[in-house]
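Reviewing the structure listed below.
Note that the numbering runs from 1 along the sequence shown for the chain. Atoms within a ligand are numbered from 1 in the order they appear, just like the ligands themselves. For clarity, every value in this text was computed on a predicted model and none was experimentally measured.
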Amino acid sequence: MRTTVGIIGAGPAGLLLARLLHNAGVDSVVLESRDRAYVERRQRAGILEQGTVDVLRAAGAGTRMDREGLPHDGVELRFDRRRHRVDLPALTGGRAVTVYAQTEVCKDLIALQLADGGPLLFGAEALAVEDATTDSPRIRFRHEGREDTLVCDYVVGCDGFWGVARTAVPKDVSRIFERGYPYSWLGILADVPPSHDELVYARHDRGFALLSMRSPTVTRAYLQVPEGTDAADWSDTEIWDELDRRLETDDPAWTLRRGPVTAKSVTPLRSHVHEPMRHGRLFLAGDAAHIVPPTGAKGLNLAVGDVVTFARALLRYRDTGDPGPLDAYSETCLRRVWQAERFSYAMTTMLHRAPDATGFDDRIQRARLDRITTARSAEADLAEAYTGFPLDPQD
Ligand code: RFL
Ligand code: PHB
């Protein structure tokens, strides 16, 4: 098999890239190891930055998002029984975010790709990327029990944190920067309308809590739990009781709405960056190259930024012969990636309670929250990062 761009992985990065290339008349093949139902059901991100919404719309994948997505103009910080609303558009010159689940973004992109795009093979596991530094990099893969090879002009590894693409970069070229956190998130979905119409990020002595949503009738919520926690160890009542405690406030108008929990899972938190994001004609995009803890809601948005950068660079080369943007892919992406790493780290360490936290750490957290809620410049810094860093610093 032969194609111009071989894409490994049908998460948001791979699927959007296939769509951007299709729209520009560039052929691609997407190889996805899991089946369609699995990819469409995997519960993950919920927040799309303004720039991500704009990109999906421009790619022709925004119809249902525009109908069902929930635009949010603010988020709440809750700490010391207080509620503080961050007004996103007022602090950023009009930018906001949209609640529209990753599952839905993937469903929309899969439907478009299967309707009129290039091949999208489910159950096709990439085994290795070979000849990355030649003009014909290739992907060895297994599909329906048979091994095959996809010969490409370019390979884009969109295969997430556990993928194989990254391993094709030689060890003496790779540099890995990472940090673990001594806690995880227990996430739930519940059939109950959200208790608040905006997201609530809560810092509490018992640990972090986040109240989010999937729709006007479905709540998504997270609790900081110890590393190694088994979701089955938490009963539904224990989860709601703990959310109630961590979201406590002096505002008498606040109540937590409880309802049947329909899904529970535990996610470890980590920061990880692989540099460079390009080796020869192999490009890494999304979680294949970098992971952020979800507290900043940045992972999916970074993945979108990477593939837009790649698609623009490839088209520039095709249309003008200028290889500059393709050559600069790694540096261009990493600049934005490190801003998201910085922000996600700052949000995580400001809002979570480490098991070995000292009184000093506790006071610093409160001082950071105090600063954000009293100094407009600090609050604007948070709002700018939350609504998204520009794809191109000149934008
Ligand atoms: P994905 O989504 O992991 O997709 C990779 C795909 O590659 C496939 N694959 C392979 N296919 C073929 N051959 C192989 N050898 C393969 N190995 C793997 C996999 O099956 C999969 O389909 O990566 P991508 O596309 O880079 O997208 C990244 C996002 O999924 C991720 O960053 C976000 O979900 C992170 N994230 C959030 N991001 C946000 O922007 N906003 C949020 O609000 C947000 N909340 C979250 C999150 C992630 C979470 N978890 C579970 C990690 C909340 C949570 C709880
Ligand atoms: C979610 O709704 O899943 C979500 C929202 C905000 C985050 C992380 C996850 O920071």
(Q) Checking contacts here: is it the side chain or the backbone of V292 that comes within 4.0 Å of ligand 1, counting heavy atoms only? Could be both or neither. (A) neither
Q: For atom 8 (C) of ligand 2, find the nearest protein heavy atom and state the residue, atom name and distance (0.1 Å precision).
A: P294 O, 3.4 Å
Q: Compute the minimum heavy-atom distance from M347 to ligand 2 and say whether it is under 4.0 Å.
A: no
Q: Pick one of side chain, backbone, both or neither for how Y38 approaches ligand 1, counting any non-hydrogen atom pair under 4.0 Å.
A: neither
Q: Around atom 18 (C) of ligand 1, find the nearest protein heavy atom and jot down its residue, atom name and distance.
A: D159 O, 3.1 Å
Q: Report the nearest protein non-hydrogen atom to atom 5 (C) of ligand 1: residue, atom name, distance rounded to 0.1 Å.
A: C158 O, 3.4 Å
Q. Quick one: ring-ring contact (aromatic ring centres under 6.0 Å, His included) pairs with a partner in residues 294-336, sequence neighbours left out?
A. F283-F310, F283-Y329
Q. Around R41, counting heavy atoms of other residues, nucleotides and ligands shown, do more than 12 lie under 6.0 Å from its CZ?
A. no
Q: Would you mind checking if R206 and E242 are paired as a salt bridge, meaning a charged N to carboxylate O distance below 4.0 Å?
A: yes
Q. Can you tell me which residue and heavy atom of the protein come closest to atom 3 (O) of ligand 1, and the distance to 0.1 Å?
A. R44 NH1, 2.9 Å
Q | From G296, A340, S344, G11 - option closest to atom 4 (O) of ligand 1 by heavy atom | A | G11
Q | Check: A128 main-chain N/O paired with R140 side-chain donor or acceptor under 3.5 Å | A | no
Q) Any donor and acceptor pair, going by atom type alone, linking the side chain of R166 with main-chain N or O of F161 inside 3.5 Å? A) yes
Q: May I ask you to check whether P12 has an N/O atom sitting below 3.5 Å from an N/O atom of ligand 1?
A: yes
(Q) If you take the nearest heavy atom of each of A303, A45, A13, which one is closest to atom 36 (N) of ligand 1? (A) A45
(Q) Under 4.0 Å between a side-chain nitrogen and a carboxylate oxygen: does that hold for E275 and R175? (A) no
**Q.** Closest protein heavy atom (residue, atom, distance) for atom 30 (O) of ligand 1
**A.** Q102 NE2, 2.7 Å
Q. Should V99 be listed as contacting ligand 2, given a heavy-atom distance under 4.0 Å as the test?
A. no
Q) Thinking salt bridges, do R19 and D116 make one under a 4.0 Å N-O criterion? A) yes
Q.
What I want to know is whether V164 and ligand 1 share at least one N or O pair that is separated by under 3.5 angstrom.
A. no
